[in-house]
Amino acid sequence: MNNIIFTRDIRADLQLKLADFGIADIFVLVDNNSRNFCQRSFEDFGIPEEHIITIPEGEHHKSLESVAEIWQVLSDQGARRNAVLVNVGGGVITDLGGFAASCFKRGIHCVNIPTTLLAQIDASVGGKTGFDFNGLKNEIGSFAIPDWVLIDNHFLATLPERQIMSGFAEMLKHALLADEEHVAEAMQVDFAGVAEEDFLKLIRKSVAVKAAIVQSDPREKGLRKALNFGHTVGHAIESVAIRRGLDIFHGDAVAYGMIAELFLSVQKLGFDEKHFEAVRKFIREKYPVYHPVAEADELYELMLHDKKNEQAGVNFTLIHKPGEFDIDNYCSRDEIFEALKQI
Ligand SMILES: NC(=O)c1ccc[n+]([C@@H]2O[C@H](COP(=O)([O-])OP(=O)(O)OC[C@H]3O[C@@H](n4cnc5c(N)ncnc54)[C@H](O)[C@@H]3O)[C@@H](O)[C@H]2O)c1
Ligand SMILES: O=C(O)C(=O)C[C@@H](O)[C@H](O)[C@H](O)COP(=O)(O)O
Ligand SMILES: [Zn+2]
């Protein structure tokens, strides 16, 4: 956590942190929206226009082509190994930029300035980077902890409501991994206040849940699989959505995935059924109605590619009760098909 700064004055903190890098060249990675809405964090810093790399927004561009574009600019502009890439944007930008920085000349400096709720509480911290490949989520990637993460929730003022809810799904995931009280607090959040100073405390609390898990298992040998709760099913849904151009965000898919995986938790680990119903009701009310995106077979086939699988079958993180989880639960095809019907 000591490379994460929570601030309400991003310009001042960024200036301070960039000064640490001395004479190194600074590059900035943005997408069209973060460039439009978040440029104030680096304008007037004298960063040459050729050092600002803009890619189109959206998961569709979390691709090898975008990574190549970043490397092309860094290379054409003669970036040295002491250069810094500042990623300003949502999780797509921090994942792509983090990966590009971790490989360029075998690794340049990297600073994350997350500008979506999802990136502030999850994607920008913990060092997972990468891009989608062969129709599979995050199929290629590296673990690379950024030098700094600067989190200022003023940015959330321009974030569309659906994107706030997408990010909130990961906050709910962290709450379920933390304790009962955290879940109750999360389910009463006032979404109108996400850009207010008070909300920064909730962001900090959510990041603390992730940071503690990452610290104990940075490379996902075991415990970190907990942070993948909801993602076994969620990533399968999201992969189909990407293939078919459906309007389902990462957090939506994780929310649907959490319903299915909480159902498995009820069946296999005795998670309280009433609590499951309460979370399902909350998700059904707050997220777009789920229409099955594919036959269960297609989703199951995608789940077979999940990175948590270490033997034949599909591996889930399941929850006994908020704060008590169990990694490495292999579930049968029939159990998974039944769980998919619950969304
Ligand atoms: N590395 C990790 O640990 C980790 C964790 C969770 C999710 N992820 C990844 O993160 C991605 C999802 O991240 P996301 O939800 O931030 O998506 P995103 O990066 O696509 O951003 C969502 C949308 O918000 C726009 N946007 C960004 N900042 C804005 C602002 N301040 N105002 C208005 N619009 C703004 C973006 O242009 C985009 O259209 C997925 O690819 C997911 O796999 C990674
Ligand atoms: O940080 C982690 O660990 C996570 O699993 C966080 C997830 O929210 C995130 O979506 C992550 O990118 C998923 O990683 P993957 O290894 O399943 O691709
Ligand atoms: Zn996620």
Side-chain angles (χ1 to χ4, degrees), residues 10 29-41 54-63 87-99 112-133 136-146 149 152-171 173-174 177 194-195 206-207 209-211 213-214 217-220 223-232 234-236 238-239 242 249-255 257-258 303 305-309 315 317:
I10 190 71
L29 176 67
V30 283
D31 70 14
N32 290 320
N33 291 324
S34 61
R35 178 159 197 158
N36 284 342
F37 294 118
C38 312
Q39 200 164 5
R40 71 171 185 275
S41 59
T54 308
I55 62 162
E57 71 280 6
E59 185 72 31
H60 192 66
H61 296 280
K62 191 172 154 182
S63 61
N87 302 313
V88 181
V92 168
I93 289 298
T94 56
D95 276 16
L96 277 174
F99 179 78
N112 281 343
I113 302 189
T115 63
T116 63
L117 179 58
L118 189 142
Q120 296 197 343
I121 57 106
D122 192 351
S124 66
V125 299
K128 273 192 182 177
T129 75
F131 58 92
D132 306 334
F133 184 74
L136 297 165
K137 278 286 298 177
N138 308 331
E139 180 76 337
I140 314 291
S142 61
F143 288 101
I145 299 282
V149 182
D152 184 339
N153 67 324
H154 277 110
F155 287 124
L156 306 184
T158 55
L159 197 62
E161 202 181 315
R162 269 203 64 204
Q163 294 292 353
I164 290 171
M165 290 317 298
S166 174
F168 179 74
E170 305 275 22
M171 267 182 120
K173 175 193 79 180
H174 288 166
L177 298 176
V194 288
S206 196
V207 169
V209 174
K210 173 161 185 173
I213 294 174
V214 170
D217 178 22
R219 289 193 164 240
E220 201 171 295
L223 189 72
R224 185 167 182 168
K225 291 176 192 164
L227 293 172
N228 226 249
F229 175 66
H231 286 65
T232 317
H235 271 172
E238 194 183 2
S239 298
I242 297 165
F249 301 147
H250 178 75
D252 301 335
V254 170
M258 286 196 292
M303 287 180 225
H305 291 272
D306 191 286
K307 294 175 208 71
K308 297 185 297 306
N309 300 337
N315 186 3
T317 292

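Not measured: the values here are computed from a predicted model. One-based numbering, in listed order, for ligands and for the atoms of each.
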I would like to know whether Val92 and His61 meet side-chain contact (heavy atoms from CB on, under 4.5 Å); could you show each step before the answer? CA-CA 8 Å; Val92 168; His61 296 280; 5.5 Å; no
If you measure every N/O of [X] against every N/O of ligand 1, is any gap under 3.5 Å?
X	value
Lys128	yes
Leu156	no
Glu57	no
Arg224	no
Thr129	no
Ser166	no

Need the ligand 1 atom indices (1-based, order shown) with element for anything under 4.0 Å from a heavy-atom of [X].
X	value
Asp95	1 (N), 2 (C), 8 (N), 9 (C), 44 (C)
Thr158	30 (C), 31 (N), 32 (N), 33 (C)
Gly90	16 (O), 19 (O)
Thr115	27 (C), 28 (N), 29 (C), 30 (C), 31 (N)
Lys137	40 (C), 41 (O), 42 (C), 43 (O)
Asp122	3 (O), 5 (C), 6 (C)
Lys62	9 (C), 40 (C), 41 (O), 42 (C), 43 (O)
Phe155	31 (N)

Checking heavy atoms under 4.0 Å, the part of Cys38 that sits near ligand 1 is side chain
Tell me, which protein residue and heavy-atom name are nearest [atom], and how many Å apart are they?
atom	answer
atom 39 (O) of ligand 1	Asn33 ND2, 3.2 Å
atom 36 (C) of ligand 1	Asp31 OD2, 3.3 Å
atom 34 (N) of ligand 1	Leu159 CD1, 3.8 Å
atom 18 (P) of ligand 1	Val92 CG2, 3.8 Å
atom 23 (C) of ligand 1	Gln163 NE2, 3.4 Å
atom 27 (C) of ligand 1	Thr116 CG2, 3.3 Å
atom 12 (C) of ligand 1	Leu118 CD2, 3.8 Å
atom 40 (C) of ligand 1	Glu59 OE1, 3.2 Å

Does even one non-hydrogen atom of [X] get within less than 4.0 Å of ligand 1?
X	answer
Lys210	yes
Phe249	no
His235	no

* Out of Gly98, Gly91, Gly127, who gets a non-hydrogen atom closest to atom 13 (O) of ligand 1? ->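 The option holding the nearest heavy atom is Gly91.
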In terms of its nearest heavy atom to atom 2 (C) of ligand 1, the top option of Ala169, Ala123, Ala119 is Ala123
Polar pairs, ligand 2 vs protein, N/O only, below 3.5 Å.
{"unit_1": "ligand 2", "atom_1": "1 (O)", "unit_2": "Lys210", "atom_2": "NZ", "d": "2.8"}
{"unit_1": "ligand 2", "atom_1": "1 (O)", "unit_2": "Arg224", "atom_2": "NH2", "d": "2.8"}
{"unit_1": "ligand 2", "atom_1": "3 (O)", "unit_2": "Lys128", "atom_2": "NZ", "d": "3.0"}
{"unit_1": "ligand 2", "atom_1": "3 (O)", "unit_2": "Arg224", "atom_2": "NE", "d": "2.7"}
{"unit_1": "ligand 2", "atom_1": "3 (O)", "unit_2": "Arg224", "atom_2": "NH2", "d": "3.4"}
{"unit_1": "ligand 2", "atom_1": "5 (O)", "unit_2": "Lys128", "atom_2": "NZ", "d": "3.2"}
{"unit_1": "ligand 2", "atom_1": "5 (O)", "unit_2": "Leu227", "atom_2": "O", "d": "3.4"}
{"unit_1": "ligand 2", "atom_1": "5 (O)", "unit_2": "Asn228", "atom_2": "ND2", "d": "2.9"}
{"unit_1": "ligand 2", "atom_1": "8 (O)", "unit_2": "Asp122", "atom_2": "OD2", "d": "2.7"}
{"unit_1": "ligand 2", "atom_1": "8 (O)", "unit_2": "Glu170", "atom_2": "OE1", "d": "3.2"}
{"unit_1": "ligand 2", "atom_1": "8 (O)", "unit_2": "Glu170", "atom_2": "OE2", "d": "3.1"}
{"unit_1": "ligand 2", "atom_1": "8 (O)", "unit_2": "Lys173", "atom_2": "NZ", "d": "3.0"}
{"unit_1": "ligand 2", "atom_1": "8 (O)", "unit_2": "His231", "atom_2": "NE2", "d": "3.0"}
{"unit_1": "ligand 2", "atom_1": "10 (O)", "unit_2": "His231", "atom_2": "NE2", "d": "3.0"}
{"unit_1": "ligand 2", "atom_1": "10 (O)", "unit_2": "His250", "atom_2": "NE2", "d": "3.1"}
{"unit_1": "ligand 2", "atom_1": "12 (O)", "unit_2": "Asn138", "atom_2": "ND2", "d": "3.4"}
{"unit_1": "ligand 2", "atom_1": "14 (O)", "unit_2": "Lys128", "atom_2": "NZ", "d": "3.2"}
{"unit_1": "ligand 2", "atom_1": "16 (O)", "unit_2": "Lys128", "atom_2": "NZ", "d": "2.9"}
{"unit_1": "ligand 2", "atom_1": "17 (O)", "unit_2": "Asn228", "atom_2": "ND2", "d": "2.9"}
{"unit_1": "ligand 2", "atom_1": "18 (O)", "unit_2": "Asn138", "atom_2": "ND2", "d": "2.9"}
{"unit_1": "ligand 2", "atom_1": "18 (O)", "unit_2": "Lys307", "atom_2": "NZ", "d": "2.5"}

- Message: Phe168: which residues meet the ring pair (Phe, Tyr, Trp, His ring centres under 6.0 Å) condition with it, sequence neighbours left out?
- Response: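 Ring pair (Phe, Tyr, Trp, His ring centres under 6.0 Å) list for Phe168, sorted by chain: Phe191, Phe282.
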Lys128 vs Glu220, test: salt bridge (Lys or Arg N to Asp or Glu O under 4.0 Å). Steps then yes/no. CA-CA 10 Å; Lys128 273 192 182 177; Glu220 201 171 295; 2.5 Å; yes
Taking everything shown except Phe133 itself, do over 12 heavy atoms lie less than 6.0 Å from its CZ?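 Not more than 12 within 6.0 Å, no.
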Heavy-atom check, side chain of Val30 versus side chain of Gln39, under 4.5 Å: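 Not in contact.
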Check your understanding: Considering only heavy atoms from C-beta outward, does the side chain of Asn138 approach that of Asp132 to under 4.5 Å?
Key ->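 Yes, close enough: below the 4.5 Å cut-off.
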Looking only at heavy atoms, the pair that brings Leu156 and Leu117 closest together is CD2-N, 3.4 Å
- Query: What are the two closest non-hydrogen atoms of Ala144 and Thr129, and how far apart are they?
  - Reply: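 In this case the closest contact between Ala144 and Thr129 is O-CG2, 4.0 Å.
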inquiry  = If the condition is side chain to side chain donor-acceptor pair (under 3.5 Å), which residues does Asn32 pass it with, not counting sequence neighbours?
reply    =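 So Asn32 forms a side chain to side chain donor-acceptor pair (under 3.5 Å) with Glu57.
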- Message: If you apply the rule side-chain hydrogen bond (donor to acceptor under 3.5 Å, both in side chains), what do you find for Asn309 with Asn315, and how did you get there?
- Response: CA-CA 5 Å; Asn309 300 337; Asn315 186 3; 5.2 Å; no
Worksheet item: Could Asp217 and Lys225 be called an ion pair, given the rule that one side-chain N must be under 4.0 Å from one carboxylate O?
Response: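 Not counted as a salt bridge, because no side-chain N and carboxylate O are separated by less than 4.0 Å.
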Exercise for the section: Show your reasoning for whether side-chain contact (heavy atoms from CB on, under 4.5 Å) applies to His231 and His250. Expected result: CA-CA 9 Å; His231 286 65; His250 178 75; 3.3 Å; yes
Practice item. Please report the C-alpha distance between Lys308 and Thr317 in whole Å, then the side-chain angles of each, then the deciding distance to 0.1 Å, and finally whether the side-chain hydrogen bond (donor to acceptor under 3.5 Å, both in side chains) criterion is met. Key: CA-CA 9 Å; Lys308 297 185 297 306; Thr317 292; 5.7 Å; no
Within a distance under 2.8 Å of the Zn ion (ligand 3), the protein atoms of type N, O or S are Glu170 OE2, His231 NE2, His250 NE2
- Could you please spell out the steps behind the side-chain contact (heavy atoms from CB on, under 4.5 Å) verdict for Ser142 and Phe99? CA-CA 6 Å; Ser142 61; Phe99 179 78; 3.7 Å; yes
Go through the steps for Leu177 and Leu227 under the test side-chain contact (heavy atoms from CB on, under 4.5 Å), then give the verdict. CA-CA 8 Å; Leu177 298 176; Leu227 293 172; 4.0 Å; yes
